[in-house]
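Right, one structure below, let's go through it.
Because the structure is predicted, anything quoted here is derived from the model rather than measured.
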Amino acid sequence: MADAVLIAAQAGRALAEAARRAGLRPYVADLFGDSDTRALAEAYRQLPGRFGTAPAADATLAALDDLAARAGNPVGLILGSGFEDAPDLIARLAARHRLIGASAGTVAALKDPVAFAALCARLGVPHPAVAAAPPADPAGWLVKRIGGSGGSHIRPATRSPAPARHYLQARVPGRPHALNVLADGRAIRLLAVTEQWCAPSPIRPFRYAGALARGAGEAPALPAHIVQAVAAGTERIVAATGLRGLASADLLVDGSDWWLTEINPRPGATLDILDRRGTPLLAAHVAACLGTMPDPGAHPAGAAAAQICYADRELAPVPDLHWPDCVRDRPCPGSVVRRDAPLCTVLAEGADRAEVLALLETRTAHLRAVCAAKKTHPEEAPS
């Protein structure tokens, strides 16, 4: 029988699907309990809000203990998003389960904004300045939550003090990209450069929308000298922090200038579009965390992208839809999705960047139309 693996994340579907591709049996705990997550999981437990708070931390420990007992002898625990601001919880989890991924100390080093800025300065990696208090002119600064993910926590700075557990980062120009890597605590293997974009809302101007990986035959997303420089800087950070497993280095690129904004020490939102190689990425993640850097195989010939479809109206309850095959993170019928909250994820693959982006927009628009029609006429089944 295939090995069991424990998974905990804000949204665990992508990790569960990657586990199945890697021949593992996922036991999943997350916040949403989407229908495809539940279908992929051998067993499932729903978690409460922010993992770093005391009640949520205790609930997470209890849920994973229960899943581990059901799994028998799982190969270990893989963490996704949501734990970046909770290194103490990661340490508690690692004391009870074999952690496959970044250690609590590594996450603390990478997600403490002042310590990370100092590390980048010491290693010669360009990084925007950070501050704890608002400057006299806040126009060139952003407020970010410590350990935040997904971009929804980022706001333009004002003259008011930053809220608790937030910090200020200098605003720099450029287009967002990420280097997606596999790390073994010493070195990295570059998997892909992905392009990213936002879906701004009135109160969330930097909300993450999606990412795209170009095909092997296309012009690269970034010049080779920038990729080499970012990869070298990321490798220095990996060696200094002992980072292991799948990770991504987020950066802004403006002409020949670039700034590393953060390291995500976990499998990220691009897992769906990158897991198209000869070696399943979660198998590579496990191997790298255990000390062996595998060869993931050749870069895929075609392009791929994933985009979050945010609800443009409240769905309470979510209608019973026949979801297209291109849709993931499908909310259960009868659940509630608030306006501007993530509704689902839309995937697309194609020959090149242009084809994939066009397909992604067509599919997202069709999905919105189907949801609107089903909400207005619930007796009508979507095509």
Flag the pair Arg204 / Cys198 as yes when at least one side-chain heavy-atom distance between them is below 4.5 Å, and no otherwise.
no
Treating Thr194 as the side-chain partner and Leu212 as the backbone partner, does any N or O pair qualify as donor plus acceptor under 3.5 Å?
no
Show your working on salt bridge (Lys or Arg N to Asp or Glu O under 4.0 Å) between Asp272 and Arg13 and close with a plain yes or no.
CA-CA 10 Å; Asp272 286 318; Arg13 189 276 315 159; 2.7 Å; yes
Within a strict 4.5 Å, meaning less than it, do heavy atoms of the Pro324 and Arg363 side chains meet?
no
Whichever hydrophobic residues join Phe83 through chains of side-chain contacts under 4.5 Å
Leu6, Tyr27, Leu31, Phe32, Leu47, Phe51, Leu61, Leu64, Leu67, Leu77, Leu79, Leu89, Ile90, Leu93, Leu99, Val107
Within the side chain of Asp275, is there an N or O that forms a donor-acceptor pair under 3.5 Å with the backbone of Leu281?
yes
Audit row: Ile237, Leu243, side-chain contact (heavy atoms from CB on, under 4.5 Å) steps and yes/no
CA-CA 8 Å; Ile237 292 172; Leu243 175 60; over 6 Å; no
Which atom pairs, donor and acceptor, lie under 3.5 Å between side-chain atoms of residues 164-178 and protein residues at least two apart or in another chain?
from	atom 1	to	atom 2	distance (Å)
His166	ND1	Ala164	O	2.9
Gln169	OE1	Lys144	NZ	2.7
His177	ND1	Arg175	O	3.2

Mind running side-chain contact (heavy atoms from CB on, under 4.5 Å) on Leu315 and Leu343 for me, showing each step along the way?
CA-CA 9 Å; Leu315 295 173; Leu343 172 62; 3.7 Å; yes
Per-pair distances, 0.1 Å, donor-acceptor, side chain in residues 221-229, under 3.5 Å, sequence neighbours excluded:
none

Between Ala311 and Val337, what is the shortest heavy-atom contact and its length?
CB-CG1, 3.8 Å
Please check this pair: side chain of Thr362 against backbone of Ala358, looking for a donor-acceptor N/O pair closer than 3.5 Å.
yes
Check: Ser335 side chain, Pro331 main-chain N or O, donor-acceptor pair, under 3.5 Å:
no
Check Gly350 against Val356 and note the closest heavy-atom contact, atom names and distance.
N-CG2, 3.1 Å
Exercise: identify the closest heavy-atom pair between Ala41 and Tyr44
CB-CB, 4.4 Å
Is the closest side-chain heavy-atom distance between Pro267 and Leu15 below 4.5 Å?
yes
Can you measure from OG (Ser152) to CZ (Phe206) and round to the nearest 0.5 angstrom?
11.5 Å
Going by atom type alone, with no hydrogens or angles, which donor-acceptor pairs under 3.5 Å involve a side-chain atom of residues 291-309 and a protein atom two or more places apart or on another chain?
from	atom 1	to	atom 2	distance (Å)
Asp295	OD1	Gly297	N	3.0
His299	ND1	Arg277	NH2	3.3
His299	NE2	Arg214	O	2.9
Gln307	OE1	Trp197	NE1	3.0
Gln307	NE2	Glu361	OE2	3.3
Gln307	NE2	Thr364	OG1	3.2

Steps toward salt bridge (Lys or Arg N to Asp or Glu O under 4.0 Å) verdict (Glu84, Arg266):
CA-CA 9 Å; Glu84 292 88 347; Arg266 54 172 172 79; 2.2 Å; yes
Between Gln10 and Ser149, does a side-chain contact (heavy atoms from CB on, under 4.5 Å) hold up when you go through it step by step?
CA-CA 10 Å; Gln10 287 178 319; Ser149 61; 3.8 Å; yes
Determine whether a donor-acceptor pair (N or O, by modelled atom type, separation under 3.5 Å) exists between the side chain of Arg207 and the backbone of Asp340.
yes
State the CZ-CG distance between Arg45 and Asp65, to the nearest 0.5 angstrom.
12.0 Å
Give a yes or no answer on whether the side chain of Thr106 reaches the backbone of Thr241 with a donor-acceptor pair at less than 3.5 Å.
yes
Could you go through Arg338 and Glu314, starting from their C-alpha distance and side-chain angles, then the distance that decides it, and tell me whether this counts as salt bridge (Lys or Arg N to Asp or Glu O under 4.0 Å)?
CA-CA 5 Å; Arg338 303 297 183 191; Glu314 182 172 293; 3.0 Å; yes
Between Arg145 and His153, the two heavy atoms sitting closest are N-ND1, 3.0 Å
Side-chain donor-acceptor pair under 3.5 Å between Thr261 and Asp250, yes or no?
no
Rounded to the nearest 0.5 Å, the CG atom of Leu190 sits from the CG atom of Leu182 at a distance of 10.5 Å
Considering only heavy atoms from C-beta outward, does the side chain of Pro265 approach that of Lys111 to under 4.5 Å?
yes
Treating Arg186 as the side-chain partner and Ala239 as the backbone partner, does any N or O pair qualify as donor plus acceptor under 3.5 Å?
no
Any non-hydrogen side-chain atom of Arg353 less than 4.5 Å from a side-chain atom of Glu195?
yes
Heavy-atom donor-acceptor pair, Asp85 side chain to Gly147 backbone, under 3.5 Å:
no
How far does CD of Glu235 sit from CZ of Arg189, to the nearest 0.5 angstrom?
11.0 Å
Could you check if a side-chain atom of Cys371 sits within less than 4.5 angstrom of a side-chain atom of Leu321, using non-hydrogen atoms only?
yes
Is the closest basic N to carboxylate O distance between Asp34 and Arg38 below 4.0 Å?
no
How close do Pro113 and Val130 get, heavy atom to heavy atom, and via which atoms?
O-CG2, 4.0 Å
Work out which heavy atom in Asp112 is nearest to a heavy atom in Ala115; give both atom names and the distance.
OD1-N, 3.1 Å
Determine yes or no for a side-chain-to-main-chain donor-acceptor pair under 3.5 angstrom, with Asp352 supplying the side chain and Glu355 the backbone.
yes
With His127 via ring pair (Phe, Tyr, Trp, His ring centres under 6.0 Å) - residues at least two apart
Phe116
Quick check against the 3.5 Å criterion: does Asp184 have a side-chain atom that pairs as donor or acceptor with the backbone of Ala288?
no
Decide salt bridge (Lys or Arg N to Asp or Glu O under 4.0 Å) for Glu17 and Arg328; before the verdict, give the C-alpha distance in whole Å, the side-chain angles of both, and the deciding distance to 0.1 Å.
CA-CA 10 Å; Glu17 195 166 350; Arg328 301 289 190 276; 3.3 Å; yes
How long is the straight-line distance from OG1 of Thr158 back to CH2 of Trp141, given to the nearest 0.5 Å?
14.0 Å
Distance-only donor-acceptor check, side chains Thr270 and Asn180, under 3.5 Å
yes
Are Leu260 and Ile263 close enough that some pair of their side-chain heavy atoms sits under 4.5 Å apart?
yes
I need the Asn264 CG to Ser81 OG distance, nearest 0.5 Å.
9.5 Å
Measuring only between side-chain heavy atoms, which start at C-beta, is Val327 closer than 4.5 Å to Leu367?
yes
Keeping to residues at least two apart or across chains, list the ring pair (Phe, Tyr, Trp, His ring centres under 6.0 Å) pairs with something in residues 230-280.
none
